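Okay, so here's the structure we're looking at.
In this text the structure is predicted, and so the values were computed from the model without any measurement. Letters A, B, ... are given to chains in the order of the sequence lines, protein chains preceding strands, and every chain is numbered from 1.
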Amino acid sequence: MNFAEIERKWQRKWQEDRIFEPEIDKSKRKFFITVPYPYMSGALHIGHGRTFTMGDIIARFKRMQGYNVLFPMAFHVTGTPVLAIADSIANGDEKVIQLYREYVRIYENDEEKVEKIVESFKDPKNIAEYFADKTQQDFKGMGYSIDWRRKFHTAEPIYNKFVEWQFKKLYDLGLIKKGEYPITYSPADGNPVGEDDIEDGDIDKVTIMEFTVIKFEFEDGYLVAATLRPETIFGVTNLWINPDAEYCAVMVNSERWYISKEAAEKLKYQKDNVIVEKCFKGEFFVGKKAKEPATGRTIPILPADFVDPDNATGVVYSVPAHAPYDYQALKDIQNSEEYARKYNLSQEELKSIELIKIIDIEGYNIPAKDICEKMGIVNQKDPKLEEATQIIYKDEFYSGILNNKCGPFAGIKISEIKDEVKRWLINMGRADVFYETSRKAVTRNGHKVIVAVLKDQWFIDYSPKWWKEKGHKLVDQMFFYPTKYKNIMHGIIDWLEKRPCARKRGLGTRFPWNKEWIIESLSDSTIYMAFYTVAHIIREQGIEPEKLTEDFFDLVFLGKGNIQEISEKTGVKEDVLEKMREEFEYWYPNDQRHTSPPHLSNHLAFFIMHHAAIFPEKHWPRAITLNGLMIREGAKISKSKGNAIPLAHVADKYGVDLFRLYCAVNADLESVMDWREKELASLKKRFNLFVSIVEDSLNATEPKTLLPMDRWLLSRFYRLLKESIQDYDSFKIRDAMLNMLFHFVNDIKKYEKRMGSDRRKCVIRKVLEDWLLILSPVMPHICEEYWHRLGHSNYISLQTLPEVKEEYIDDAVEAEMEYVERVIDDIKEIVEIAKIDVKKIYLYTADQWKWDVLRAISDVPPKDAIKEAMKVRKSKETVTLVKQLLKNKIKYIKIDEESVLERDKKYIEKVFNAEVVINSDYDPKNKRKFAIPMKPAIYVE
RNA sequence: GCGGGGGUUGCCGAGCCAGGUCAAAGGCGGGAGACUCAAGAUCUCCUCCCGUAGGGGUUCGAGGGUUCGAAUCCCUCCCCCCGCACCA
């Protein structure tokens, strides 16, 4: 059987008959499910496939529950990545070109064509459109039940108008603000730079560090030292400068600052009115004095090689009691006559510098000194100093307390007072803020990356109390699976602050009030589910983007305004507006959004917040479900590792239904899923077994009368079906599939062992439709195929769930089966251990009084069991029996042991190829008395 | 550091929320057998230790505790993974 062909056949038919293009049907409950549109910077791989597949399985299950299901899809292209790729290709970046050739080869096998297509990627729009097109093809090939009429991509003018509308709504609510913001920036390119623009930016992230710079009075200005620990200012003993580096006098807002030349350059991008006056070597400062701002002491300026002029201001203040580097450097120079001589400093004076301890902390006397001694640090070039600094920083921050040298801050923990001290210094005019990158970084074309402060950055301000309250309310009303994410989401909403929402470059929507800015990609994909409800009508009607005004969307999505006026103003016919309004009202809210945890703290949080801000409560989204990521053979899937399997290859390489089954069955939604070829191979066996069982029964006739084993199998089936439907409904899709495909198939094997394959085929025929139905959300193609081969002319994809035939679920019949199996196991064990050549097996069932005892204690807690049992029969034997029953954990169930054994005698005889005698008087080894309920005594000879 | 999740029998991985039927699903690996000229594929059985009568012993990161009973509940400790923003 050619699975790929079957898969394509049904995909084609589904499309031809437009079965996944739902229309408004007020007689049915609707269900609107979305999965975030994928980002189109390349081809998708199987890791992405997991999330979309699970979304589709849920969509299909909901359809079977009788909902009118809408599952739409679109494509995301906003932002810099696509642009950066286009630029790299245009600039002839071989690495990128090679990568994109690979991507295109997934879909094209003509090398000339590949070249041509990659060539066309110099235009970012072509990248977006090419991959959007191909991804749509991939999704169809995965059997997803998507309504494709509603697709769009985020750089399309009609979508831009929609995003503009969203921003106007936010603006009217006072949530769009403008302000200063530090960003990574390349002065040479005159542009902000993102992760994609920085060399190794994806591997080694560049973050922005906020230094406090403290102004030490020096001659006609200030020597400005940078620190991450402003609270240590009370323990300063001296300043360090690099004698060989260039320093400059810089006018900053009518103050004269002395900082390194590099710092002066950076400062120009962080502050207004920065004028460099003159520059000179650092040795200029050597031996001079400056005044510290906290208590006004005068301290010396000393030279040190370790000071990096290209880090922060190139001026460092020294706190030797608490900073291991400072301690070691000070110790080195105090012991070096050469140092004093070289810089013409007084050895006496150097030696007179004393450590000033300002932090009390348990386990340390003088922290920097203690740790240097403990770690055996020898001099200031010792690499262990870095680790020592980390340890001290952490210990002091969390458990250190400022002592009485620290004025108003004495007695307070560092973690609580750090920002206080900073504010105090800044308010006195003695400190400022300076931003620096977390590491030295250059752009991909080799230009230096610094931190610049943008003056007119646009933000979305998530901090207003009313907004957060609404967000929390929405989350409270929302269903999450896995449920733990609900609390996490509350936490995220509390943590949200301001977020820049526009960038200077990239694809997307222009900022309505300042066209130089482009709305950034996470901010333009928050409420777009609403757009799905009308996108196909906009397209059908050929409504031009300029007609999609604020009034237009206000009417369609919020029901505001006068329809006649808006029709006149926009030129969109009234009935069309009416229809759109109706579509939105019918489909909204978004009943379920399915995605993966990396979206929690960004996309999903904005999705929630923007809905809370813009839409009335009845249109707030209802549920979020998430599935863990997919890894492959234990390793993260990534392009750079080269271990990504394109989604486009799934059909031919593995088979779509098998892939979908793997997604459903190999991990539950909560867990990370490991894609292993070996696991897949064993799953395939199971899949093939399923196929052959179904094939066997296609032409079989159902049995006319049911034997006990038939009833057992039917009981198992409907019991498992019942559980599975519940599991499905609570998103335990794995458990549902385990039941229907593993446990049930195992039961079929057990059945066949006793009843043979001919009868199996007939009995399975009895449940075949129901079985295919429950499996069809996961394996839609193969189930569709068999459904039709069974003579149905409608689509299984559009059927409702099978009915659970409760009348077949029979506890007793299952217990009897288990009972016989257990007896057989016991006999086997005896035979094996005693190494007996079996000729005759004697079975003795328990006496009635033993059953009476079991029944009496069945609902009694173990510790009262004996007491209870004695009421039935007062004897020593009773005590022994109760102990045995408890030890063997025998549960009471009503069955007639003797007649069951009698009935299955032939089967037991067949298993052991020996004669079986039940409750005979012959009992040479006196075994009969050992019988307990559900565990007959056995004698073998 | 904060927040989240883990550590299970050779490996991967269920079980833990709702304690007992858990020596603990399933898969992989290993072993035995069937089919076959053979290999492969497929199928069946076994795979913690001991045991000539269905039994016993020791296990679920470490250590304590609760309980008649703990892989499961509580406490302490050790170790690992993920997220912490302007990046899609």
For [X], answer base if it contacts any base atom (sugar-phosphate contacts may also be present), sugar-phosphate if it contacts only those atoms, and nothing otherwise; contact means non-hydrogen atoms under 4.0 Å.
{"X": "A:Lys636", "answer": "nothing"}
{"X": "A:Lys498", "answer": "base"}
{"X": "A:Glu670", "answer": "nothing"}
{"X": "A:Ala937", "answer": "base"}
{"X": "A:Lys935", "answer": "base"}
{"X": "A:Tyr485", "answer": "nothing"}
{"X": "A:Thr78", "answer": "sugar-phosphate"}
{"X": "A:Phe459", "answer": "nothing"}
{"X": "A:Pro36", "answer": "nothing"}
{"X": "A:Val831", "answer": "nothing"}

Evaluation steps, ring-ring contact (aromatic ring centres under 6.0 Å, His included), between A:Trp675 and A:Tyr654
CA-CA 12 Å; A:Trp675 177 262; A:Tyr654 310 104; 5.0 Å; yes
Would A:Lys486 count as a cation-pi partner of A:Phe480, with NZ or CZ less than 6.0 Å from the six-membered ring centre and within 45° of the ring normal?
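No.
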Applying the Watson-Crick and G-U wobble criteria at under 3.5 Å, what pairs with [N]? Answer none if nothing qualifies.
{"N": "B:U44", "answer": "B:A32"}
{"N": "B:C84", "answer": "B:G1"}
{"N": "B:U58", "answer": "none"}
{"N": "B:A70", "answer": "none"}
{"N": "B:G26", "answer": "B:C12"}

Between [N] and [M], how many Å separate the two [atom1] atoms, rounded to a whole number?
{"N": "B:U67", "M": "B:U72", "atom1": "C1'", "answer": "13 Å"}
{"N": "B:C68", "M": "B:C84", "atom1": "P", "answer": "48 Å"}
{"N": "B:G7", "M": "B:G63", "atom1": "C1'", "answer": "16 Å"}
{"N": "B:C81", "M": "B:G29", "atom1": "P", "answer": "28 Å"}
{"N": "B:U8", "M": "B:C80", "atom1": "P", "answer": "14 Å"}
{"N": "B:A62", "M": "B:G19", "atom1": "P", "answer": "23 Å"}
{"N": "B:C60", "M": "B:C11", "atom1": "P", "answer": "14 Å"}
{"N": "B:G56", "M": "B:G64", "atom1": "P", "answer": "26 Å"}

Would you indicate which nucleotide in [options] comes nearest to any side-chain atom of [X]?
{"X": "A:Lys678", "options": "B:G29, B:G27, B:G5", "value": "B:G29"}
{"X": "A:Asn602", "options": "B:G51, B:G5, B:C87", "value": "B:C87"}
{"X": "A:Ile833", "options": "B:C28, B:A88, B:U52", "value": "B:U52"}
{"X": "A:Arg734", "options": "B:A85, B:A25, B:A53", "value": "B:A25"}
{"X": "A:Glu829", "options": "B:G55, B:A88, B:C86", "value": "B:G55"}
{"X": "A:Ser682", "options": "B:G5, B:C28, B:U44", "value": "B:C28"}

Would you say [X] places a side-chain N or O within less than 4.0 Å of OP1 or OP2 belonging to [N]?
{"X": "A:Arg676", "N": "B:G29", "result": "no"}
{"X": "A:Ser671", "N": "B:A14", "result": "yes"}
{"X": "A:Ser601", "N": "B:C84", "result": "no"}
{"X": "A:Lys828", "N": "B:A53", "result": "no"}
{"X": "A:Ser523", "N": "B:C86", "result": "no"}
{"X": "A:Lys753", "N": "B:C45", "result": "yes"}

Pair [X], [Y]: side-chain N/O donor-acceptor within cut-off below 3.5 Å:
{"X": "A:Thr509", "Y": "A:Asp524", "result": "no"}
{"X": "A:His472", "Y": "A:His490", "result": "yes"}
{"X": "A:Glu520", "Y": "A:Ser523", "result": "yes"}

Spacing of [X] atom [atom1] relative to [N] atom [atom2], expressed in whole Å:
{"X": "A:Met740", "N": "B:A25", "atom1": "CE", "atom2": "P", "result": "22 Å"}
{"X": "A:Lys750", "N": "B:C43", "atom1": "NZ", "atom2": "P", "result": "18 Å"}
{"X": "A:His599", "N": "B:C87", "atom1": "NE2", "atom2": "P", "result": "16 Å"}
{"X": "A:Ile127", "N": "B:A88", "atom1": "CD1", "atom2": "P", "result": "15 Å"}
{"X": "A:Ile492", "N": "B:G3", "atom1": "CD1", "atom2": "C1'", "result": "10 Å"}
{"X": "A:Ile631", "N": "B:C12", "atom1": "CD1", "atom2": "C1'", "result": "10 Å"}
{"X": "A:Arg499", "N": "B:C84", "atom1": "CZ", "atom2": "C1'", "result": "14 Å"}
{"X": "A:Leu454", "N": "B:C86", "atom1": "CG", "atom2": "P", "result": "14 Å"}

Passing option when A:Asp461 is tested against A:Lys177, A:Lys178, A:Lys498 for salt bridge (Lys or Arg N to Asp or Glu O under 4.0 Å):
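Of the listed options, the one satisfying the test is A:Lys177.
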RNA chain B: 5'-proximal contact among A:His743 and A:Val823 (nearest heavy atom)
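Nearer the 5' end of the strand: A:His743.
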Need to verify one output field. Residue with the more 5' nearest nucleotide on RNA chain B, A:Asp735 or A:Leu738?
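Mapping each residue to its closest nucleotide by heavy atoms, the 5'-most match is A:Asp735.
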Say you draw a straight line from CZ of A:Arg632 to CD of A:Glu677; how long is it, rounded to the nearest 0.5 Å?
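Reported value, rounded in 0.5 Å steps: 6.0 Å.
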Can you say whether the rings of A:His610 and A:Phe606 are parallel (under 30°), tilted (30 to 60°) or perpendicular (over 60°)?
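Tilted.
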Side chain A:Ser920, main chain A:Tyr922, donor-acceptor under 3.5 Å
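Judged by distance alone, yes, a pair lies under 3.5 Å.
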